[in-house]
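This structure is in structure tokens; I'll ask about it shortly.
Excluded from the calculations below are hydrogen atoms, water molecules and symmetry mates; all remaining heavy atoms, backbone and side chain alike, are included. Proteins come first, then strands; the chains are lettered A, B, ... in the order of their sequence lines, and each starts at number 1.
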Protein chains: 2
Amino acid sequence: MSADSATPADQPRAEARRAQILAAASDCFHAHGFHGSSISQISKAAGMSAGHIYHYFENKEAIIAAIVEQDIERLQEMTDDMRAAENPLEAMMESIDAAVAEHMQPDHAPLKLEIVAEAGRNPHIAAAVHAADAKIMGAFEETIGLIRRAGGHQDDSREIRGRTEIISALFEGLIARSIRNPAIDKETTLRIFRQIVRDLLQR
Amino acid sequence: MSADSATPADQPRAEARRAQILAAASDCFHAHGFHGSSISQISKAAGMSAGHIYHYFENKEAIIAAIVEQDIERLQEMTDDMRAAENPLEAMMESIDAAVAEHMQPDHAPLKLEIVAEAGRNPHIAAAVHAADAKIMGAFEETIGLIRRAGGHQDDSREIRGRTEIISALFEGLIARSIRNPAIDKETTLRIFRQIVRDLLQR
DNA sequence: TAACATAGAATGAGCGTTCAATCTAGAACA
DNA sequence: TGTTCTAGATTGAACGCTCATTCTATGTTA
């Protein structure tokens, strides 16, 4: 018996293949949507056969779920950085511009909305989205709680959570607005957006 | 035989059939999404054959576009009512609770997001969504401009538009939040939401 | 009669998924 | 060393099914 289970060289290889599929799927989904991208398309983009994808993912849903999980890691890093900053309030204010710009990128906005829409109907996607949201919102709440306490406020947890929800809703809403009205005046909108966030954080 | 229950009139017969299809399609889309609803399903729900649907709509996309157009009529009525009210500010504040509750209805939220996501990729849907948005945003801006002027403010049109965009983004964002976090504390969130809207309208 | 409403079958393409068959590279052995 | 063994990686065809759309034929009305 091979007590030293699973050849050591296999681990990074499988990992690489998985990443390869995820990257290809992400490209396809962004370009044509979840339902508009076929396994065959994804396999071509990933440079492998269609059947082989099922060695790494149970089905198409599992690919989306993995992309959702992957996405939150970046967000988590962002809030971690803020919390570690010397002045978390200003760190957050400074990162808003980039975050909004990224959220409103026309190539990425549709998939973000589509994933949420899918979560509203598909229990498997819903599970992944809920778990991801709980994680990232927890981190976000911590950061905002820190900023509020530094500003001399003593809110209960519901208040912190509510303010966090509203800031998140604003971000998410801007994604939709950027699609509904591509001619949106980003400068003015961003100015008002920043003012509201600042109020929510320190007033 | 000639005792038809629903539509007694002769001329708007085609109109009635169209409405019948739209209602059935709306039900299907809300339940299973745009891509998850087949023409066959819709035709069954509408009580007619699949082929017959193509007498009234060029294709599946055209059905979604018609639903988008239909949806804004209700929104338009809402802002018209506000503008006609004795105190538009309070009329708007009073309608917020119902509007938020409706936006966050779990049965309706996914399709709203899905339509925007689809508009981000599909030019035909995009055209319908952009036209609808221009119309409703114009009406909304008028109402908000009226409230601001009544409050003694002299904003330029960009400012009005920006504030309107942010309020719209908040509404839209809450749809997404209600799906990402179904356990959201609606009471607290709504309280903060109302405060922000009030600030945007009168401060 | 002409014109429209409607049904239902036909079409052809594409889907997600499965699976038996092959390849490949390293371990075990001689 | 060279040879055999083996297990995972990979392929590509095939399956059964559903899809949006079109076509043809029949029913209805005026």
Problem set entry | Nearest to side-chain heavy atoms of His52(B), which nucleotide of dT11(D), dT6(C), dT21(D) |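 My answer, after comparing the listed nucleotides, is dT6(C).
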For this session: Can you figure out which of dT10(D), dT6(C), dT21(D) approaches the side chain of His55(B) most closely?
Result: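 Looking only at heavy atoms from C-beta outward on His55(B), the closest nucleotide is dT6(C).
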Problem set entry | Lys/Arg-Asp/Glu bridge criterion (N-O < 4.0 Å) met for Glu165(A), Arg161(A) |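 Salt bridge flag = no for Arg161(A) with Glu165(A).
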Exercise. How would you label the contact of Ser43(A) with the nucleic acid (heavy atoms, under 4.0 Å): base, sugar-phosphate, or nothing?
Worked result: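 It contacts nothing in the nucleic acid.
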Distance-only donor-acceptor pairs under 3.5 Å for side chains of residues 61-72 of chain B, two or more places apart:
| unit_1 | atom_1 | unit_2 | atom_2 | d |
| --- | --- | --- | --- | --- |
| Glu61(B) | OE1 | His124(B) | ND1 | 2.9 |
| Glu61(B) | OE2 | Asn122(B) | ND2 | 2.8 |

For this session: Any chance you could measure Asp133(A), atom CG, to Phe140(A), atom CZ, to the nearest 0.5 Å?
Result: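 Nearest 0.5 Å value for the CG-CZ distance: 11.0 Å.
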Exercise. Between Ile42(A) (CD1) and dC15(C) (C1'), how many Å, whole number?
Worked result: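 To the nearest whole Å, that distance equals 12 Å.
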Problem set entry | side-chain hydrogen bond (donor to acceptor under 3.5 Å, both in side chains) involving Arg17(A) - partner list, sequence neighbours excluded |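 side-chain hydrogen bond (donor to acceptor under 3.5 Å, both in side chains) list for Arg17(A), sorted by chain: Gln20(A).
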For this session: Please determine, for the side chain of Tyr54(A), which listed nucleotide (dG16(C), dC19(D), dG12(D)) has the closest atom?
Result: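 When the side chain of Tyr54(A) is considered, dG16(C) is the closest of dG16(C), dC19(D), dG12(D).
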Exercise. Starting at CZ of Phe57(A) and ending at C1' of dG16(C), how long is that distance when rounded to a whole Å?
Worked result: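 Rounded to the whole Å, the gap is 16 Å.
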Exercise. Just how far, in rounded Å, is P of dC19(D) from NE2 of His32(B)?
Worked result: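 Atom-to-atom, His32(B) to dC19(D), this comes out as 11 Å.
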Exercise. His153(B) side chain to Arg149(B) main-chain N or O, any donor-acceptor pair under 3.5 Å?
Worked result: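 Such a contact is absent between His153(B) side chain and Arg149(B) backbone.
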For this session: Identify which nucleotide among dT21(D), dT17(C), dA7(C) has an atom closest to any side-chain atom of Met48(B), counting heavy atoms from C-beta outward.
Result: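 Of all the options, the side chain of Met48(B) is nearest to dA7(C).
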Exercise. Can you check whether Ser38(A) has a side-chain N or O nearer than 4.0 Å to OP1 or OP2 of dC15(C)?
Worked result: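 Answer is yes, contact under 4.0 Å.
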For this session: Round to the nearest Å and state the distance from Ile53(B) atom CD1 to dA5(C) atom P.
Result: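 Taking CD1 of Ile53(B) and P of dA5(C), I get 15 Å after rounding.
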Problem set entry | Separation of dG12(D) C1' from Lys44(A) NZ (nearest whole Å) |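 Computing the Lys44(A):NZ to dG12(D):C1' distance gives 12 Å.
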Exercise. Whole Å only: how far is the NE2 atom of His35(B) from the C1' atom of dG14(C)?
Worked result: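 Rounding to the nearest Å, NE2 of His35(B) and C1' of dG14(C) are 15 Å apart.
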For this session: Output the single nucleotide from dT17(C), dA7(C), dT10(D) whose closest atom is nearest the side chain of Asn59(A).
Result: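 The nucleotide sitting nearest to the side chain is dT17(C).
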For this session: Taking only the side-chain heavy atoms of Arg17(B) (C-beta and beyond), determine which of dT6(C), dT10(D), dT21(D) contains the nearest atom.
Result: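 It is dT6(C).
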Problem set entry | Side-chain N or O of Tyr56(A) closer than 4.0 Å to phosphate OP1/OP2 of dT10(D) |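 Indeed, a polar side-chain atom of Tyr56(A) lies that close.
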Problem set entry | Separation of dC19(D) P from Lys60(B) NZ (nearest whole Å) |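 My rounded result for the distance is 8 Å.
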Exercise. How many Å lie between CD1 on Ile64(A) and C1' on dG16(C), as a whole number?
Worked result: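 After rounding, the reported distance stands at 15 Å.
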For this session: Could you work out which one of dA9(D), dA7(C), dT21(D) sits closest to the side chain of Ile39(B)?
Result: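 So the side chain of Ile39(B) is nearest to dT21(D).
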For this session: State which of dT21(D), dA7(C), dA9(D) makes the closest approach to the side chain of Ala50(B).
Result: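 Selected nucleotide (nearest to the side chain): dT21(D).
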